Amino acid sequence: MATTVQTLPKTMPVSRKSRLLTSLLVVQIIVGFEFLWTVLVKHIGGAFVAGLGADLKDRVQAAPHWYQPLADSVIIPNATLFAYLVLIGELFVGITVIVDVLHDAQNPGGLVSEVKVAAVGPNKSIAKPNADGTMTVTLGDTRQAVAYQLTNEIDKLSATAFITVPAYSDSAPPRLKSTLKLPQVTAMNTAISWKLSDILDVPSGRAVKVTDAGSASAGRQAAGVPMVPDTGTIVYTPEKDFRGNTIVTFKVSDKGLTDDPNATTIEIPVTVGDASFRDIAPTFANQTIEIQPGEAPKTFDLRGASSHPNPAVIQELTYQNFAAPSGPIKASLAGSTVSMSTDVSTPVGTKSVIKFNVGLGSAFSVPAQITVKVVKSTRPLPQTVDDAEPNGRSSTTYTISPLANDFNPFADQGKPLKVTDVAFQGDNLGASGLTRTDSTVSVTTGTAKSGTINLIYTVRDATDSADREVQGRIVVTVTSAPEPVTSFTLSNTGSQTVSVIFQPPVSSNGAQITGYTVRINGGPSTNQRTDCSPGASCTFTGRTNGSVQTVDVAATNNVGTTWSNTRTITPYGTPSTPTNPVINTNSPTATATITPSWSGPADSGGGAITYQWNFTQGSSASGSTSGTSGGGQNVGAGDYTFQVRACNPGGCSAYATSATRHINPPPMVVTIAKGARGNSATCTSTACYYIAINASGFAANTTYTVSLETDHYADGSKGAMAQYGTINITMDSSGSYNNQVSPYGYPGYDVQVSINGVSSNIVAW
């Protein structure tokens, strides 16, 4: 609402404060109008009275703490009464507005209060002057202007001004109800519809309808399915199997127009399908799980074989109707973990099937199964250790327990090994009476006074499976000195060091070996040890590097001592690392020759040194030499690094690595010249010659586009060099090109080419 005032004669200038007061007056009028329409909507809709109590219950939660007791004890219990009081109060405020027309007026001929106010003009019937100088204006269906006149009764001078008021029918456009839960949700492959009356608040109170069926749209709407079955209904039908989010958009009007240019656009966010995918059944990959006999229960988490589009759902799955198998395979379920086991004697290949259901809430129960299969034990096979009777006598019976020192893979379960067979091996020296029990072997020697009787026994573990049988040996020795040690090895385990590892002799010949002697002869002196044991490393230090050492071993029993044959070894120390590795080059740019070089180690380790070198960057070249430099390499642009180490018979040092040597690429150069006479469909003049291109410094085996350029224009004029065509050429393995291309036939003009931004010389044709 706006007010315009014309001043009386002799009016003083209107002050800034007066203009401000005029603006405040306009605000008062507009506020009154808004009060009017608020109450009209509340009266027409009827929802205000019914919903005020519930709305206050929600809003009072956010109110100051001092207000909440008042709201809970007085306002909310009497919400209906308060609603009607609000409606009545707003009705009387909104139907009419009171305008203080004298507020900003001036009377140069007297007091403002002496001015008489009167409504004039065609709309004066809606304005009533009041005794206090104000006017009461009644709102109508349309926007109106009311003229009023201020008159000084003393000098009969007057002035006219206007009050402009809006129509009471103007209101806010239709909008989605604040109580409508967004986004709206529908299941996959399921349409969702809305009545406009259910989802829209219409402040005007008038009927609302969809202005145009063509204005309705939505992402992933099923083709050919209408969205507006009638002007009061919207239907969204998602495409088949679509899942996700979309927005339904349409235009509505409460002005009774089908072509309302100010129609309101309504948008409804829609989610198709359960956002957490709980409307999809879980799946289970049926498993075959292998277990071994006699082992601790094997566990498997069923969630690891379960799957679902929403990974979070996996932890919500339940496993039901678990059917434990009968027979030798045992299984149980705790939560999502199944435990499976079987006895040690269960035959390999035995199978059982465990069936159960995978559940997701009360919506899905999917059948699943696990096949449990018994496979070979992966425990190591039993291992036997040779047994001996070192003090055998003729015509005597000996009972031996060979299992006592054999390895039993199931000893932790208290399951013993078992002897299943025994037999003589080789000459039995007249022995007889060979028998066995589950744990012993008995034999009666013959009349021979010396020699060895070998018995082979077969062992089976608790699986009682023939494929896990192994054999062992029992040696009964009758009186003899030990056999010589034949199995021993020598090694150079460090600088000035020789290590000896020997095994017992093949036979002690009936007498227990009481000791061994290891002897070494060579620089700086002869030395021997009697504290060495079979199978253990017997180490001599302080030997002279590069000096031959001779070693033999003796075995002693109560009959005598037997020396082995001698063996020799030369000890060496490991060289220290070479020094000053460097890459030398004859040119900083490609193509260049690079040569690796270095200085010898501080310690040679006592032997002749051979150097092993190889490039670790830029080249694969390598070599071995007794000198201090490697072979030269012709290389292109790039970075190059090499490493080198020193080796002698005792081993090799650590690698020494050079600094990186960088070789720059050669410059790219392009030159051209007239080539041979050319001829083509477009080049037949006597000046037609091929363009001979000579290029270098480019990437090897790479195709480039050549820009052909001239200062000849199509109209025969000359100008700046410009491209008239292109061709492709491929560089050779050295990055060069030398050939003739594309004939050119315009005499008196200039020609040049450009490759990869590099321009050639210009040739006058």
Side-chain angles (χ1 to χ4, degrees), residues 492-497 545-546 570-671 693-704 729-739 754-760:
N492 174 202
T493 55
S495 179
Q496 298 180 316
T497 302
N545 283 338
T570 303
Y572 295 96
T574 302
S576 59
T577 305
T579 59
N580 302 322
V582 66
I583 297 176
N584 303 301
T585 180
N586 66 342
S587 172
T589 61
T591 300
T593 299
I594 59 174
T595 304
S597 67
W598 55 89
S599 298
D603 181 6
S604 68
I609 291 180
T610 299
Y611 298 98
Q612 297 175 354
W613 61 272
N614 64 279
F615 277 92
T616 59
Q617 181 181 12
S619 173
S620 61
S622 62
S624 178
T625 179
S626 59
T628 56
S629 64
Q633 308 297 316
N634 293 329
V635 298
D639 292 327
Y640 299 88
T641 308
F642 84 98
Q643 62 182 7
V644 61
R645 66 179 180 176
C647 300
N648 69 9
C652 295
S653 71
Y655 278 102
T657 302
S658 72
T660 300
R661 168 69 76 172
H662 179 72
I663 303 299
N664 295 314
M668 293 184 291
V669 178
V670 181
T671 60
I693 298 178
N694 189 332
S696 62
F698 290 84
N701 303 312
T702 301
T703 299
Y704 291 89
I729 64 173
T730 301
M731 301 299 171
D732 61 19
S733 59
S734 67
S736 300
Y737 182 86
N738 191 351
N739 207 342
S754 295
I755 305 175
N756 200 34
V758 179
S759 296
S760 72

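None of these values were measured; they are calculated from a predicted model.
Remark: side-chain polar atoms of T574 are not paired, donor with acceptor, to backbone N or O of G651 under 3.5 angstrom. In terms of modelled atom types and a separation under 3.5 Å, the side chain of S658 and the main chain of F642 share a donor-acceptor contact. For the pair N648 (side chain) and S604 (backbone), a donor-acceptor distance under 3.5 Å is present.
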S495 and Y572: side chain to side chain contact (heavy atoms under 4.5 Å, CB included), yes or no, with the steps? CA-CA 5 Å; S495 179; Y572 295 96; over 6 Å; no

Please evaluate residues Y611 and R645 with respect to the criterion side chain to side chain contact (heavy atoms under 4.5 Å, CB included), reporting the C-alpha separation (whole Å), side-chain torsions for both, the decisive distance (0.1 Å), and the verdict. CA-CA 6 Å; Y611 298 98; R645 66 179 180 176; over 6 Å; no

Working for side chain to side chain contact (heavy atoms under 4.5 Å, CB included), residues I609 and C647: CA-CA 5 Å; I609 291 180; C647 300; over 6 Å; no

Go through the steps to decide whether T585 and I663 satisfy the test side chain to side chain contact (heavy atoms under 4.5 Å, CB included), and finish with yes or no. CA-CA 9 Å; T585 180; I663 303 299; 3.8 Å; yes

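Nearest heavy atoms, A590 versus A637: CB-N, 3.4 Å. W598 approaches P578 most closely through the heavy-atom pair CD1-CB, 4.3 Å. Considering all non-hydrogen atoms of both residues, P649 and A608 come closest at CD-O, 4.0 Å. Between T595 and G630 the shortest heavy-atom distance is CG2-O, 3.4 Å. Here the closest heavy-atom approach between residue G605 and residue D603 is recorded as N-OD1, 3.0 Å. Closest of all the heavy-atom pairs between S734 and A700 is N-CB, 4.4 Å.
Annotation: side chain of Y704 is not in contact with side chain of T730 (no heavy-atom distance under 4.5 Å). Looking at S759 and V670, their side chains never come closer than 4.5 Å, going by heavy atoms from C-beta outward. In this structure, the side chains of P581 and Q643 stay at 4.5 Å or more apart for every pair of heavy atoms. Between V644 and P596 the shortest side-chain heavy-atom distance does not fall below 4.5 Å. Inter-residue side-chain proximity for I594 and F615 is flagged as met; some heavy-atom pair is nearer than 4.5 Å. Residues M731 and N701 fail the side-chain proximity criterion, which asks for heavy atoms closer than 4.5 Å. Using a 4.5 Å cut-off on side-chain heavy atoms (C-beta onward), Y655 and T577 make no contact. F698 is listed as a side-chain neighbour of N756, based on a closest heavy-atom distance under 4.5 Å.
For the 3.5 Å distance criterion, the side chains of S599 and N580 qualify, holding a donor opposite an acceptor. There is a side-chain donor-acceptor pair under 3.5 Å between T641 and T660. For the residue pair N492 and T497, no side-chain donor N or O sits within less than 3.5 Å of a side-chain acceptor on the partner. Between N584 and S597, the side chains place a donor N or O and an acceptor N or O closer than 3.5 Å (distance only, hydrogens not considered). Side-chain atoms of T593 and N634 include a donor-acceptor pair closer than 3.5 Å. There is no side-chain donor-acceptor pair under 3.5 Å between S626 and T610.
Residues satisfying the side-chain hydrogen bond (donor to acceptor under 3.5 Å, both in side chains) test with N694, not counting sequence neighbours, are none. Applying the ring pair (Phe, Tyr, Trp, His ring centres under 6.0 Å) criterion to Y737, with sequence neighbours excluded, gives no partner residue.
Taking NE2 of H662 as the start and CD1 of I583 as the end, the distance is 12.5 Å to the nearest 0.5 Å. C652 contributes atom SG, which lies 4.5 Å from atom CD of Q612 (distance to the nearest 0.5 angstrom).
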